[in-house]
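For reference, the structure is listed below as structure tokens.
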Amino acid sequence: MYLAIAAPIFDPQQNIMASLSVAGPVHRLNEDDIPALIDQVKNAASRISVKLGG
């Protein structure tokens with residue numbers, strides 16, 4: 001079983017143009033790690049969006 005976390009990447013018109021995700025087998029991901037992974041993926045996607053003008 002796998003777990004994936006994803007966040008959208010926006011273009012300057014605020015349209016979703018891509019997504020960023022991390023995935024891995026559940027036996028390697030601790031439930032306590034999930035909130036931090038969500039924050040990291042969202043922050044990285046947001047930084048990419050800003051660099052693209054979104």
Side-chain angles (χ1 to χ4, degrees):
M1 188 182 273
Y2 282 83
L3 172 74
I5 298 167
I9 295 173
F10 296 97
D11 68 11
Q13 292 75 37
Q14 295 301 303
N15 297 310
I16 296 172
M17 64 177 292
S19 65
L20 178 68
S21 67
V22 294
V26 294
H27 71 270
R28 296 201 55 199
L29 298 170
N30 183 322
E31 276 190 47
D32 296 333
D33 297 331
I34 294 172
L37 287 171
I38 291 170
D39 286 341
Q40 290 172 356
V41 170
K42 287 172 55 177
N43 289 336
S46 177
R47 288 193 311 269
I48 293 168
S49 293
V50 168
K51 288 184 182 255
L52 294 173

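Computed from a predicted model, the values in this text were never measured in an experiment.
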Stepwise side-chain contact (heavy atoms from CB on, under 4.5 Å) check, I9 with I16: CA-CA 6 Å; I9 295 173; I16 296 172; over 6 Å; no
Q14 atom CD: more than 12 heavy-atom contacts under 6.0 Å: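 Yes, CD of Q14 has more than 12 neighbouring heavy atoms, counting only those of other groups under 6.0 Å.
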Distance from [X] atom [atom1] to [Y] atom [atom2], nearest 0.5 Å?
| X | Y | atom1 | atom2 | answer |
| --- | --- | --- | --- | --- |
| I38 | N43 | CD1 | CG | 11.5 Å |
| Y2 | H27 | OH | NE2 | 7.5 Å |
| L29 | M1 | CG | CE | 12.5 Å |
| L37 | K42 | CG | NZ | 13.0 Å |

Contact summary for F10 and S49, nearest pair of heavy atoms: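 Scanning both residues completely, I find the closest heavy atoms to be N-OG, 2.8 Å.
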Heavy-atom closest contact (P8 atom, A45 atom, distance):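 Closest approach of P8 to A45: O-CB, 3.5 Å.
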Side-chain touch L3/V22, heavy atoms, less than 4.5 angstrom: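 Not in contact.
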Same cluster (ILVMFWY, side-chain, under 4.5 Å), V26 and I5: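 Shared cluster, yes.
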Under 3.5 Å donor-acceptor, N15 side chain and D11 backbone: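 Checked: no pair found.
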